[in-house]
Amino acid sequence: ALSLDALRHSLWSNLVFLADGLIISLAIQAMHRNRQRFVLSLELLEQTNVDLQSGKSNVQRIIDNLFSYVALLDQHGVVVEMNKAPLERSGLRREDVIGQHFKDGPWWAYNEAVQRQRVEAINDAAAGRTQRYDGEVKMGDDLIVIDFQISPVYDESHTLVGLLSNAVEITHRKEKERELSEVTERLLLATRAGGVGVWDWDLTSNVLSWDEQMYALYGISARQFTGAYAAWRAGVHPEDLTRGDQEIQLALSGEKEFDTEFRICRPDGTIRNIRALANVKRDEAGRPLRMIGTTRPRGEPTAIPMSM
């Protein structure tokens, strides 16, 4: 027969066995849950890495398709990244410029003054001051003009993390500006030689602008001219004033080109015959915006009759 102590010992052994089994079972379940969480974390990390790489690739594709020249530098001016445009334009590879100081790039290293200007711009940007200016640089074998800007890049805590350089070629624009300047200068010489004055009347603001030859024709100075339609009327001969107003209104309404002659009374006591031509500039709805015209003298000045 089993003694009470033996029974007690048997029950205790079974309880211990059951407890050990339960603990082991719980431990196995916990390990399994932790393994699942670990696998899930790894999957999330891998997906995050894939997303980051995809996002980086998308950003790279975007900047590579920009027509402007873009470079990302570190705080000291060393090139970290660059898009394709300046590389292809210069016949370079990424490995030729990544890790190199921006000032040593072939675009400005050909000229000490240009290179020194870039160094100053880099230092200013690193100090928090954006710099922008036009300048001549070398792209391959060509010298071109660019609109250049370099600015600081900050993180969320406003700590400087790098510099961003951006440039657009404006060689063609500069050539057109130079051509326009030359044409304007030739036109100015021609109008002066022919005694032709040029004027521009902004109908929206009622501002009338004259060139120097217009002041000479009317015998007044720029300080005596108020720059409004009423200022022009003040110089027109009283007998020609009504007709002059009518012809302007007909031109503004589109009924007739502005091509007229009238007389002006000058402060020196002389009358001058004037020929005026103008074009009316309109908006898309046909509303007149401005009149741009020329005025030239006809004949020699005559004295104003005493009766006036």
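It should be emphasised that the depicted structure is a prediction, and the values quoted were computed from it without experimental measurement.
- Met139 and Ile170 fall into different hydrophobic clusters, defined by Ile, Leu, Val, Met, Phe, Trp and Tyr side-chain heavy atoms under 4.5 Å apart, directly or through other members.
- The shortest side-chain heavy-atom distance between Val79 and Phe102 falls under the 4.5 Å cut-off.
- A distance of 10.0 Å separates CD1 in Ile271 from CD1 in Ile264, rounded to the nearest 0.5 Å.
- Taking Trp107 as the reference, nothing meets the ring-ring contact (aromatic ring centres under 6.0 Å, His included) condition, with sequence neighbours excluded.
- Among residues two or more places apart in sequence or in another chain, the side chain to side chain contact (heavy atoms under 4.5 Å, CB included) test is passed with His76 by Asp74.
- The hydrophobic clustering, which links ILVMFWY residues whose side-chain heavy atoms are closer than 4.5 Å, places Phe258 and Trp210 together.
- The side-chain hydrogen bond (donor to acceptor under 3.5 Å, both in side chains) test with Glu261 is passed by exactly one of Arg275, Arg243, Arg298: Arg298.
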Exercise for review: Report the C-alpha separation of Leu164 and Val70 in whole Å, then their side-chain angles, then the decisive distance to 0.1 Å, and conclude whether the side chain to side chain contact (heavy atoms under 4.5 Å, CB included) test is met.
Suggested key: CA-CA 7 Å; Leu164 180 64; Val70 181; 3.9 Å; yes
Report all side-chain donor-acceptor pairs from residues 175-182 shorter than 3.5 Å, counting only partners two or more places apart or in another chain.
from	atom 1	to	atom 2	distance (Å)
Glu177	OE2	Arg173	NE	3.4

Practice item. Decide yes or no on side chain to side chain contact (heavy atoms under 4.5 Å, CB included) for Leu203 and Trp201, but give the supporting numbers first. Key: CA-CA 6 Å; Leu203 298 164; Trp201 181 24; 3.6 Å; yes
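- Summarising the geometry, atom CG belonging to Leu73 is positioned 8.0 Å from atom NE2 belonging to His101; distances are rounded to the nearest 0.5 Å.
- Between Met214 and Phe225 the shortest side-chain heavy-atom distance does not fall below 4.5 Å.
- The distance from the CD atom of Gln246 to the CG atom of Leu241 is 10.0 Å, given to the nearest 0.5 Å.
- Between the CG atom of Asn166 and the OG1 atom of Thr130 there is a distance of 11.5 Å, given to the nearest 0.5 Å.
- Put simply, the side chain of Gln115 gets close to the backbone of Lys103: a donor and an acceptor are under 3.5 Å apart.
- Here Arg89 pairs with Asp142, Glu169 under the salt bridge (charged side-chain N to carboxylate O under 4.0 Å, His left out) rule; sequence neighbours left out.
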Exercise for review: Kindly determine whether Arg263 and Glu239 satisfy side chain to side chain contact (heavy atoms under 4.5 Å, CB included), including the steps that lead there.
Suggested key: CA-CA 9 Å; Arg263 293 166 293 174; Glu239 295 178 3; 3.0 Å; yes
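- Screening residues 214-227 for salt bridge (charged side-chain N to carboxylate O under 4.0 Å, His left out) gives no qualifying pairs among residues at least two apart or on separate chains.
- Scanning both residues, Gly195 and Pro297, for their nearest heavy atoms gives O-CD, 3.2 Å.
- Side chains of Thr171 and Lys174 form no contact here, defined as non-hydrogen atoms less than 4.5 Å apart.
- Pairing each heavy atom of Gly227 with each of Ala231, the nearest pair is N-CB, 4.3 Å.
- Note on Leu92 and Ile98: same hydrophobic cluster, where clusters join Ile, Leu, Val, Met, Phe, Trp and Tyr whose side-chain heavy atoms are under 4.5 Å apart, directly or indirectly.
- To the nearest 0.5 angstrom, Arg94 atom CZ is 8.0 Å from Leu87 atom CG.
- A pairwise comparison of heavy atoms in Leu163 and Gln75 identifies CD1-O, 4.3 Å as the closest pair.
- Side-chain heavy atoms closer than 4.5 Å link hydrophobic residues (I, L, V, M, F, W, Y) into clusters, and following such links, even through other members, never connects Tyr69 to Val78.
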Practice item. Check step by step if side chain to side chain contact (heavy atoms under 4.5 Å, CB included) holds for Asn279 and Glu257. Key: CA-CA 7 Å; Asn279 288 327; Glu257 295 291 331; 4.3 Å; yes
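- Between Arg282 and Ala251, the shortest heavy-atom distance links the atoms NH2-O, 3.0 Å.
- Not one N or O on the side chain of Thr159 forms a donor-acceptor pair closer than 3.5 Å with the backbone of Asp155.
- Note that CD of Glu212 and OG of Ser221 are 9.5 Å apart. Values are rounded to the nearest 0.5 Å.
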Just distance, no hydrogens or angles: give the donor-acceptor pairs under 3.5 Å from side chains in residues 144-154, sequence neighbours left out.
from	atom 1	to	atom 2	distance (Å)
Asp147	OD1	Arg132	NE	3.0
Asp147	OD2	Arg132	NE	3.4
Asp147	OD2	Arg132	NH2	2.5

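- Legend: residues meeting ring-ring contact (aromatic ring centres under 6.0 Å, His included) with Phe262, ordered by chain and number and at least two apart, are Trp232.
- Legend: residues meeting salt bridge (charged side-chain N to carboxylate O under 4.0 Å, His left out) with Glu156, ordered by chain and number and at least two apart, are absent.
- The list of salt bridge (charged side-chain N to carboxylate O under 4.0 Å, His left out) pairs with a residue in residues 226-236, not counting sequence neighbours, reads Arg233-Asp245.
- Judged by distance alone, with hydrogens and angles left aside, the side-chain atoms of Asp202 form no donor-acceptor pair with the main-chain N or O of Val207 at under 3.5 Å.
- Screening residues 112-125 for salt bridge (charged side-chain N to carboxylate O under 4.0 Å, His left out) gives Asp124-Arg129 as the qualifying pairs, with residues at least two apart or on separate chains.
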Using a 3.5 Å cut-off and no angle test, enumerate the donor-acceptor pairs between side-chain atoms of residues 288-295 and protein atoms at least two apart in sequence or in another chain.
from	atom 1	to	atom 2	distance (Å)
Arg290	NE	Asp200	OD1	3.2
Arg290	NH2	Asp200	OD1	3.3
Arg290	NH2	Asp200	OD2	3.0
Thr295	OG1	Trp199	NE1	3.0

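- Under a cut-off of 6.0 angstrom, the local environment of CG in Asp283 is crowded, with over 12 non-hydrogen atoms contributed by other residues, nucleotides or ligands.
- Both Met82 and Ile122 are assigned to one and the same hydrophobic cluster, defined by single-linkage of ILVMFWY side chains at heavy-atom distances under 4.5 Å.
- Although no hydrogens or angles enter the test, the distance criterion places no donor-acceptor pair under 3.5 Å between the side chain of Asp211 and the main chain of Gly197.
- For Asp268, the salt bridge (charged side-chain N to carboxylate O under 4.0 Å, His left out) test picks out Arg266, with sequence neighbours left out.
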